[in-house]
Amino acid sequence: MAQQQIRIQCTNQYEAPIDKLTVTVAGQTTTYSPDNLGYITININPADSVIINAAHHEPYTVAGASLKEGELVVLQKKFTWKDLLNPMFYIVYGGFFLLLFIVFAETGLFVGFFLPGDSLLFVAGIYSTNLVDDLFRKFGFQGVRYEWLDLFILISLISVAGILGNTVGYWTGRKIGPTMFHWRDRFLFKKKYLYDAHDFYEKHGGGAIIFARFLPIVRTFAPIVAGIVAMDRKKFSFYNMVGCIAWVFSMIIAGHFLQKWIFTQFDFDLKKHLEVIVLGIVVVTTAPVLIKLFSGRKKEKVSQPPTK
């Protein structure tokens with residue numbers, strides 16, 4: 001049978017483009033660099049098998065006759081610890097329920113500070129329809145739904161998970177708080193810090209709970225500290241709900257509609273450049289913390305009296 005020229009699109013399970021790949025046909029291996037949309041054009045004989053491979057991916061073997069023009073070929077990327085920082089890892093392998101657990105664990109568990117909360121919600125907004133479809137299929141429901149209904153379901157359930165996570169962190173702090181006020185001062189613990197935190201939450205507690213939701217790492221410990229210094233329960237509950245809903249709504253809506261607008265206006269698919277988005281969100285959300293940290297150190301150095 002004569003050779004055919006065929007154009008196929010290659011990506012991995014995270015829908016990320018692959019920079020370079022090799023295609024082996026009849027023992028001959030050729031290296032390709034996909035275009036901006038991930039397409040390559042290869043020459044195949046329908047009678048031969050085709051092996052598509054890329055660095056850090058599992059080889060993909062397929063019969064030449066089964067490849068169709070414009071077909072999407074998904075290579076499986078091998079797991080690395082770096083994947084844990086990729087929001088698509090959790091969406092692909094855990095779906096909607098893992099997303100809810102991560103939002104809960106980020107503030108409800110002490111170890112949740114390293115989880116990708118902001119970028120995960122932004123990407124969830126981009127894939128809102130897929131996530132809600134996955135949820136409905138698990139319960140045996142399918143059919144046509146409205147876009148705003150999908151967003152409402154997504155925002156509502158994730159907000160509940162965030163509110164519960166903060167509440168668990170707050171009550172954990174309430175349990176250990178009284179004991180900490182009787183601890184002796186150590187290198188990493190000063191009782192003075194507890195009184196300073198108490199005064200701060202008395203004065204700015206509501207704003208602190210809301211704005212902490214938008215700051216990585218800070219949002220993990222804010223509800224725990226609020227519980228330790230015995231912030232008023234009703235006050236905490238109110239601002240906890242306001243902060244969680246505002247955070248989830250802004251991230252989901254931004255991801256969902258920004259993806260649609262950019263694709264419509266500039267024909268640029270954010271799904272193909274998620275690594276840039278994640279990096280941008282990390283920079284934007286951590287910048288205020290880093291600026292405050294380093295500016296505080298400079299002020300502290302200036303205020304110190306000169307030594308002899």
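Note that the numbering runs from 1 along the sequence shown for the chain.
- Side-chain contact between L135 and L157 is present, with heavy atoms from C-beta onward closer than 4.5 Å.
- Here the closest heavy-atom approach between residue Q5 and residue E69 is recorded as O-OE1, 4.2 Å.
- Not a single donor-acceptor pair under 3.5 Å links the side chain of D48 to the backbone N or O of A26.
- Residue Y127 holds its OH atom at 3.5 Å from CD of E15, rounded to the nearest 0.5 Å.
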(request) Step by step, work out the side chain to side chain contact (heavy atoms under 4.5 Å, CB included) result for L120 and L99. (result) CA-CA 8 Å; L120 180 60; L99 188 155; 4.2 Å; yes

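- Counting heavy atoms from C-beta on, the side chains of Y14 and D83 come closer than 4.5 Å.
- Note on L109 and Y90: same hydrophobic cluster, where clusters join Ile, Leu, Val, Met, Phe, Trp and Tyr whose side-chain heavy atoms are under 4.5 Å apart, directly or indirectly.
- Minimum interatomic distance between T107 and R219 (heavy atoms only, all atoms of both residues): CG2-O, 3.1 Å.
- F249 and M241 fall into different hydrophobic clusters, where Ile, Leu, Val, Met, Phe, Trp and Tyr are joined by side-chain heavy atoms under 4.5 Å apart, directly or via other members.
- For R213 (side chain) and G162 (main-chain N/O), a donor-acceptor pair under 3.5 Å exists by modelled atom type.
- In this structure, I51 is not a member of the same hydrophobic cluster as I6, with clusters built from ILVMFWY side-chain heavy atoms closer than 4.5 Å.
- Between Y239 atom OH and I209 atom CD1 the span is 10.5 Å, to the nearest 0.5 Å.
- Side-chain contact, Y93 with Q13: a donor N or O sits under 3.5 Å from an acceptor N or O.
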(message) Checking E147 against L149 for the side chain to side chain contact (heavy atoms under 4.5 Å, CB included) test, could you report, in this order, the C-alpha distance in whole Å, the side-chain angles of both residues, the deciding distance, and whether it holds?
(response) CA-CA 5 Å; E147 176 185 27; L149 177 60; over 6 Å; no

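- Counting heavy atoms from C-beta on, the side chains of H56 and T80 never come closer than 4.5 Å.
- Taking the side chain as every heavy atom from C-beta outward, I153 and F136 approach each other to under 4.5 Å.
- Closest non-hydrogen pair, K68 versus I8, comes out as O-CG2, 4.0 Å.
- Between I52 and V73 the shortest side-chain heavy-atom distance falls below 4.5 Å.
- Defined by atom type and a distance below 3.5 Å, a donor-acceptor pair is missing between the side-chain atoms of T22 and T31.
- Ion pair R7/D35 flagged as a salt bridge, since at least one NZ, NE, NH1 or NH2 atom sits closer than 4.0 Å to an Asp/Glu carboxylate oxygen.
- The aromatic rings of F236 and Y170 lie parallel to each other, their planes meeting at an angle below 30°, with 60° marking the opposite boundary.
- Interatomic distance, I18 CD1 to N12 CG, rounded to the nearest 0.5 Å: 5.5 Å.
- Using a 4.5 Å cut-off on side-chain heavy atoms (C-beta onward), F214 and D118 make no contact.
- Taking CD of Q4 as the reference point, atom CD1 of I42 lies at 10.5 Å (rounded to 0.5 Å).
- Taking each heavy atom of G95 and D134 in turn, the nearest pair found is CA-OD2, 4.1 Å.
- Residues N53 and Y60 have side chains not in contact (no heavy-atom distance under 4.5 Å, counting atoms from C-beta outward).
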(message) side chain to side chain contact (heavy atoms under 4.5 Å, CB included) for F79 and L84? Distances and angles first, verdict last.
(response) CA-CA 9 Å; F79 173 78; L84 295 178; 4.3 Å; yes

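- Taken from CD1 in I40 to NZ in K20, the straight-line distance is 13.0 Å, to the nearest 0.5 Å.
- Side-chain contact between L98 and I91 is absent, with no heavy-atom pair separated by less than 4.5 Å.
- Judged purely by atom type and a 3.5 angstrom limit, S66 uses its side chain to pair as donor or acceptor with the backbone of A63.
- Panel note: side chain Y39, backbone C10; no donor-acceptor pair is recorded below 3.5 Å.
- I245 and I210 end up in different hydrophobic clusters when Ile, Leu, Val, Met, Phe, Trp and Tyr side chains are linked at under 4.5 Å.
- Applying the 6.0 Å contact sphere to CZ of F101 captures no more than 12 heavy atoms from other residues, nucleotides or ligands.
- F122 and A254 make their closest contact through CE1-C, 3.8 Å (heavy atoms, listed as atom of the first residue, atom of the second, distance).
- A donor and an acceptor atom, one from each side chain of D150 and S128, are nowhere located under 3.5 Å apart.
- Taken together through direct or relayed side-chain contacts under 4.5 Å among Ile, Leu, Val, Met, Phe, Trp and Tyr, V248 and V160 form parts of separate hydrophobic clusters.
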(request) Before giving the answer on side chain to side chain contact (heavy atoms under 4.5 Å, CB included), spell out for S237 and T167 the whole-Å C-alpha distance, their side-chain angles and the decisive distance to 0.1 Å. (result) CA-CA 8 Å; S237 299; T167 303; over 6 Å; no

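- Interatomic distance, I252 CD1 to I126 CD1, rounded to the nearest 0.5 Å: 10.0 Å.
- Among all heavy-atom pairs drawn from T41 and Y32, the shortest one is O-CE2, 3.2 Å.
- For W148 and F257, the gap between ring centers is short of 6.0 Å.
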